[in-house]
S.K.: 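Got a structure for you, written out below as structure tokens; questions coming shortly.
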There are 2 protein chains.
Amino acid sequence: MSWYIQCGRDGDVVLSSRVRLARNLDGYSFPHRMTNDKMIELRDRAVECLHSLPSADTDKFVSLNMDLLPEPDRLALVEKHLISDELAKGGSGQSVCISKDESVSIMVNEEDHLRVQVMNCGFSLDQAYRKAEEIAIFLEKNLPIAYSDQYGFLTACPTNTGTGMRASVMVHLPALTLLGRMQPLIDGLSHAGFAVRGYLGEHSQANGNVYQLSNQITLGISEINVLLSFKRMVEEVLSLERKLRVELFESNPEKIRDRVYRSYGELMYARMITDSEAMKRISDLRLGIALGFFEEAGMETLSKIAAFIGPAGVQKNSGEVLSPTEQEVRRAEMIRRILRENTAR
Amino acid sequence: MSWYIQCGRDGDVVLSSRVRLARNLDGYSFPHRMTNDKMIELRDRAVECLHSLPSADTDKFVSLNMDLLPEPDRLALVEKHLISDELAKGGSGQSVCISKDESVSIMVNEEDHLRVQVMNCGFSLDQAYRKAEEIAIFLEKNLPIAYSDQYGFLTACPTNTGTGMRASVMVHLPALTLLGRMQPLIDGLSHAGFAVRGYLGEHSQANGNVYQLSNQITLGISEINVLLSFKRMVEEVLSLERKLRVELFESNPEKIRDRVYRSYGELMYARMITDSEAMKRISDLRLGIALGFFEEAGMETLSKIAAFIGPAGVQKNSGEVLSPTEQEVRRAEMIRRILRENTAR
């Protein structure tokens with residue numbers, strides 16, 4: 001089962017955890033300055049090495065060359081957070097290796113030569129870090145990874161130099177959002193060296209009250225200490241969101257119940273729906289589940305819907321290119337089917 | 001079964017038909033100039049006479065004295081169109097006699113001494129007229145009904161003098177409304193001697209795209225001719241509405257389907273709902289049924305809901321006085337229950 005349709009620890013707020021490690025190879029320019037031949041050479045070397053990674057059958061990698069992959073498939077990978085916008089452009093020499101359960105994805109010749117990314121459901125940064133570190137160590141043993149005793153791992157952009165690590169969590173913050181508390185929180189976190197972004201990472205808007213929190217500092221601090229301070233910060237956001245949810249509910253329980261159930265009614269019966277409306281409705285349902293009164297659908301079902309209803313996901317599912325109106329119709333169909341197949345009772 | 005939870009001829013547009021005959025008694029002033037003693041005397045005489053009306057058991061009348069009836073009950077009668085706002089004030093000497101199936105209601109000491117009103121589902125003016133006429137003839141035989149050879153039946157307000165008859169239909173006109181065609185229609189009908197009003201008659205707003213059409217002319221024309229021209233007019237509105245519904249649907253079927261099914265989802269799951277929103281949603285469902293694609297609920301079920309969810313109906317159903325918020329919660333409960341109990345399939 002794909003990792004993202006499970007509900008993990010603290011899944012009422014933390015939808016998923018991710019650790020990414022950036023690594024580069026000695027003897028090659030950084031990707032933005034590389035010739036195409038060199039990119040292909042490096043790519044082949046990296047992919048071969050990755051396929052030799054000792055692992056269980058279920059963890060075996062599929063490697064995809066971006067220039068051979070049709071655009072809808074590339075966009076669907078972006079919506080599942082498996083590749084970046086940069087890789088989705090489909091350049092020659094760029095690839096991604098993805099584990100069967102889609103929890104590990106290793107981008108080759110993105111901004112850096114190698115970006116090892118591990119995602120898990122719920123609040124599970126240590127687990128994600130251990131897995132990413134294990135792969136990085138294997139790579140270091142088999143490839144000439146660029147490392148400086150003074151700076152640490154060398155990267156194309158200095159903001160990653162040092163640990164090369166970016167830890168992030170996707171958090172669902174409906175109460176903080178509804179009560180207008182997000183902006184002060186974002187300001188406070190930025191000040192403390194963390195970033196807050198929308199659902200699809202950098203430059204994106206929050207979609208359905210889902211935000212990405214991540215660390216910004218990579219230099220002069222160990223991975224373990226970064227993770228410790230990052231986890232402490234997430235714990236604080238988590239407690240605050242939980243407290244505000246209860247306050248929000250208790251201030252007007254009927255209104256919250258009404259909002260949640262109406263959203264369920266809309267998802268159960270709409271014949272056309274935009275991505276953005278669907279995410280807002282899913283946010284309401286997640287809130288209802290977390291508050292304990294909504295039982296018609298489970299968190300896993302909602303994560304499944306959220307994972308498949310982006311524009312690319314809908315087109316990939318239907319196997320054809322669709323107009324925006326056709327996408328809305330197809331999206332509504334998919335949501336109705338998944339909700340009916342996964343009724344919690 | 002109460003007449004208003006059935007669906008009659010042309011029930012896709014005409015929800016109900018009503019004929020009202022105004023009659024007064026010689027030897028009494030009109031109600032607005034009567035003493036209370038005289039009103040009570042007349043009321044007792046009229047009620048006694050009505051109870052002697054030869055009729056089947058199911059047609060037997062219940063008579064209710066307005067000054068003894070609690071306000072919530074009076075308001076619930078207004079919402080069922082059985083008494084007028086005037087009678088709902090609960091004045092002494094004012095009464096109503098209602099048949100068991102609620103198709104006949106005779107108001108005593110409203111604007112006129114007697115107002116005989118017969119309602120039926122669907123487009124059934126002749127049937128309503130025959131029944132009203134039968135009762136009026138019985139009254140004429142047993143009471144000194146005021147009649148002038150020159151003017152016809154005498155009434156408190158000259159706009160009713162002559163036949164004393166008002167024929168009306170409740171019509172559901174979503175397409176005419178959505179396409180912005182109501183105002184020109186209202187202007188045209190007024191010009192031709194007909195009136196267009198909202199759901200609860202005079203001075204009320206259209207609720208859920210339901211309008212009351214009625215004749216205005218009572219003097220110098222026979223009942224039969226009034227009914228003939230009125231029915232012709234209704235037939236025209238009926239055809240126009242049906243034609244526009246098809247046009248509206250064909251111009252964007254998915255959008256109409258989406259609108260109808262979302263309204264169903266809202267009614268099935270809302271935890272709070274206002275009267276006015278519920279009527280709008282019901283209008284959408286009626287449109288979906290008429291267009292042939294919506295089968296989750298039937299016209300009868302919707303009429304049942306519409307008949308019971310006014311503010312007074314909701315309070316009467318729950319047996320207590322409710323705040324507006326409590327009414328919304330209770331209304332949503334009633335709607336969910338009725339829809340689930342009456343699933344068409």
Side-chain angles (χ1 to χ4, degrees), chain A residues 248-275 277-278 280-282 284-285 287-289 291-297 305 314 318 322-340 343-345, chain B residues 248-275 277-278 280-282 284-285 287-289 291-297 305 314 318 322-340 343-345:
Chain A
L248 186 70
F249 182 62
E250 285 175 355
S251 71
N252 197 341
E254 287 307 337
K255 203 174 149 193
I256 299 293
R257 258 184 242 277
D258 185 55
R259 181 186 173 113
V260 169
Y261 275 102
R262 280 174 181 258
S263 280
Y264 183 59
E266 295 278 349
L267 290 175
M268 284 285 280
Y269 288 101
R271 258 53 187 169
M272 297 173 72
I273 195 164
T274 61
D275 190 13
E277 185 195 340
K280 279 194 197 104
R281 304 281 181 194
I282 289 172
D284 288 337
L285 269 51
L287 178 61
I289 297 171
L291 286 168
F293 67 81
F294 181 79
E295 300 182 326
E296 276 76 354
I305 294 174
V314 168
S318 73
L322 302 171
S323 71
T325 301
E326 289 167 332
Q327 282 178 34
E328 290 188 29
V329 171
R330 223 51 91 83
R331 180 178 296 115
E333 275 172 24
M334 287 172 65
I335 293 174
R336 293 201 306 278
R337 200 188 58 238
I338 298 176
L339 281 178
R340 285 184 167 76
T343 305
R345 41 180 70 178
Chain B
L248 185 70
F249 182 63
E250 284 175 354
S251 71
N252 196 341
E254 285 308 337
K255 202 174 150 192
I256 299 292
R257 257 184 243 277
D258 184 55
R259 182 187 173 112
V260 169
Y261 275 101
R262 279 174 181 258
S263 281
Y264 183 59
E266 295 277 351
L267 290 176
M268 284 285 279
Y269 288 101
R271 257 53 185 170
M272 296 172 72
I273 195 164
T274 62
D275 190 15
E277 185 195 340
K280 280 195 197 104
R281 304 281 180 193
I282 288 172
D284 288 337
L285 269 51
L287 178 62
I289 296 171
L291 286 168
F293 67 79
F294 181 77
E295 301 182 327
E296 275 78 354
I305 294 174
V314 169
S318 72
L322 302 172
S323 72
T325 301
E326 289 167 333
Q327 283 179 36
E328 289 188 30
V329 171
R330 224 52 93 82
R331 180 178 295 112
E333 275 172 23
M334 286 172 66
I335 294 173
R336 293 201 306 276
R337 199 189 58 236
I338 298 175
L339 282 177
R340 285 183 167 78
T343 307
R345 40 181 71 175

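A, B, ... follow the sequence lines: proteins, then strands. Residue 1 opens every chain. Hydrogens, waters and symmetry mates are skipped; everything else that's a heavy atom, side chains included, is used.
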S.K.: Rounded to the nearest 0.5 Å, what separation is found between the OH atom of Y264(A) and the CE atom of M268(B)?
M.R.: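 The distance works out to 9.5 Å.
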S.K.: Taking all heavy atoms of E254(A) and all of V329(B), pick out the closest pair and write down the distance.
M.R.: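 Result for this residue pair: CG-CG2, 3.8 Å.
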S.K.: Can you confirm whether R259(B) is buried at CZ, in the sense that more than 12 heavy atoms of other residues, nucleotides or ligands lie under 6.0 Å from that atom?
M.R.: no
S.K.: Quick check for you: among E266(A), K255(A), R257(A), which has the greatest number of heavy-atom pairs under 4.5 Å with chain B?
M.R.: E266(A)
S.K.: I need the residue from S263(A), G265(A), A332(A) with the largest number of non-hydrogen atom pairs under 4.5 Å to chain B.
M.R.: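 Greatest number of close heavy-atom pairs with chain B: G265(A).
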S.K.: Quick check: does any side chain N or O of R271(B) sit under 3.5 Å from a backbone N or O of I256(A), one acting as donor and the other as acceptor?
M.R.: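 Checked: no pair found.
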S.K.: Under 4.5 Å between any side-chain heavy atoms of I273(A) and R262(B), yes or no?
M.R.: yes
